[in-house]
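Data block below; observations after.
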Amino acid sequence: VEEPPAAWIHRTTESRMVSRRSLATLSADFVVPDPAAIVSHIGATDWSSLRQALDSICDLLDAGGLLRVWIVNPGISYSVIHEYLKDRGWHREVLIFDGFDDLEELAKASDLLWVSNPSESVQFTLPLFLAASVPVIVRESDALPSIYNELTKARTYGSPTDLALLLHSWYANQDLALEEATKLRNQLATHYGSVN
């Protein structure tokens, strides 16, 4: 049975900046230079799927992209991830966290949700971020219920090449991606009949 998102977050440019400032007071790890974009990945995944995405993200950073990537509770040895990032030279831009107390605050602060394991994200994280008008990039999966599969089909990848193209397209057109995310949020609200 499909469940509506746990929260409908009204995200604005101001609330995004407030959330970033609030997080930055908690830890220096959350300090993000303006206008860097925040890419969030939340929940357990496998190294192959995670590395595919990190390859594309590091390529974008190599090309001059201004990003901060927060990987939350990936279920993979941190040393494996950290060594890869050190080899690529981006271990200060891509950070790993054990958990996050308030995912709503993270949704408000984020510019993109990257989902490498939809079966882990479909119950809470993906609906929450869609309901907050956050752009998403989602790996193809049979785990996606019909409504989320329909909403994310234009932002779904099945190969490393597809992922790289989507990531670069999002980065180059962030305002357009945000407009599309707002439309997706409205479609989700229509599907469930109302916005709480």
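Salt bridge present: Glu14 and Arg21 bring a charged side-chain N and a carboxylate O closer than 4.0 Å. Electrostatic pairing of Asp46 and Arg51 does not count as a salt bridge here, judged by no charged N lying under 4.0 Å from a carboxylate O.
Taking all atoms of both residues into account, the shortest heavy-atom contact from Ala36 to Arg20 is O-NH1, 2.9 Å. Residues Ala109 and Ile38 come closest through the heavy atom pair O-CD1, 3.6 Å.
Rounded to the nearest 0.5 angstrom, Ile9 CD1 and Glu105 CD are separated by 9.0 Å. Rounded to the nearest 0.5 Å, atoms CD1 (Ile57) and CZ (Arg68) are 13.0 Å apart. Atom CD in Glu93 sits 9.0 Å away from atom CG in Leu67 (nearest 0.5 Å). Of the inter-residue distances, the one linking Lys108 atom NZ with Asp102 atom CG reads 7.5 Å to the nearest 0.5 angstrom. One finds the CG atom of Leu178 at 6.0 Å from the CZ atom of Arg11 (value rounded to the nearest 0.5 Å). The OG atom of Ser121 sits 12.0 Å away from the OH atom of Tyr148 when rounded to the nearest 0.5 Å.
When only modelled atom types and interatomic distance are considered, Ser22 and Ser19 share no side-chain donor-acceptor pair under 3.5 Å. For the residue pair Asp59/Ser56, the side-chain donor-acceptor check at 3.5 Å is not satisfied. Of the N and O atoms on the side chains of Tyr171 and Asp111, not one donor lies less than 3.5 Å from an acceptor on the other residue. Side-chain polar atoms of Ser116 and His41 form a donor-acceptor pair below 3.5 angstrom. No donor-acceptor contact under 3.5 angstrom links the side chains of Thr161 and Ser159, judged on distance only. A donor atom on one side chain and an acceptor atom on the other are found under 3.5 Å apart for Trp90 and Asp62.
Contact check for Pro118 versus Val115: side-chain heavy atoms found under the 4.5 Å cut-off. Pro35 has its side chain within reach of Leu66: a pair of non-hydrogen atoms, C-beta onward, lies under 4.5 Å apart. For the pair Val69 and Leu95, the minimum side-chain heavy-atom distance is 4.5 Å or more. Side chains of Trp47 and Ile81 form a contact here, defined as non-hydrogen atoms less than 4.5 Å apart. Inter-residue side-chain proximity for Leu54 and Tyr84 is flagged as met; some heavy-atom pair is nearer than 4.5 Å.
Using a distance-only test at 3.5 Å, with no hydrogens or angles considered, no donor-acceptor pair links the side chain of Ser110 to the main chain of Leu113. Between the side chain of Asn173 and the backbone N or O of Ser169, at least one donor-acceptor pair lies under 3.5 Å. Of the possible polar contacts, one joining the Asn117 side chain to the Ala44 backbone as a donor-acceptor pair under 3.5 Å is found.
The hydrophobic clustering, which links ILVMFWY residues whose side-chain heavy atoms are closer than 4.5 Å, places Leu166 and Val94 together. Trp114 and Leu61 fall within the same hydrophobic cluster, where Ile, Leu, Val, Met, Phe, Trp and Tyr residues are linked whenever their side-chain heavy atoms come under 4.5 Å apart, directly or through other members. One hydrophobic cluster, built from ILVMFWY side chains closer than 4.5 Å, cannot hold both Leu112 and Ile42; they sit in different ones. Linking Ile, Leu, Val, Met, Phe, Trp and Tyr residues whenever their side-chain heavy atoms come within less than 4.5 Å places Leu50 and Val80 in a single cluster. When hydrophobic clusters are built by joining Ile, Leu, Val, Met, Phe, Trp and Tyr residues whose side-chain heavy atoms come closer than 4.5 Å, directly or via intermediates, Val32 is grouped together with Leu106.
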Show your working on side-chain contact (heavy atoms from CB on, under 4.5 Å) between Leu165 and Tyr157 and close with a plain yes or no. CA-CA 9 Å; Leu165 289 172; Tyr157 67 93; over 6 Å; no
Checking Glu150 against Gln187 for the side-chain contact (heavy atoms from CB on, under 4.5 Å) test, could you report, in this order, the C-alpha distance in whole Å, the side-chain angles of both residues, the deciding distance, and whether it holds? CA-CA 10 Å; Glu150 181 67 22; Gln187 291 172 3; over 6 Å; no
Would Ile71 and Phe97 count as a side-chain contact (heavy atoms from CB on, under 4.5 Å) if you check the C-alpha gap in whole Å, the side-chain angles of each, and the deciding distance to 0.1 Å? CA-CA 6 Å; Ile71 301 173; Phe97 301 97; over 6 Å; no
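Checked against the 6.0 Å centroid threshold, Phe100 and Phe30 count as a close aromatic pair.
With sequence neighbours excluded, no residue satisfies side chain to side chain donor-acceptor pair (under 3.5 Å) with Glu104.
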Give the table of side-chain donor-acceptor pairs shorter than 3.5 Å for residues 124-143, with sequence neighbours excluded, one pair per line with atom names and distance.
residue: Arg139; atom: NH1; partner: Ser49; partner atom: OG; Å: 2.5
residue: Ser141; atom: OG; partner: Ala143; partner atom: N; Å: 2.9

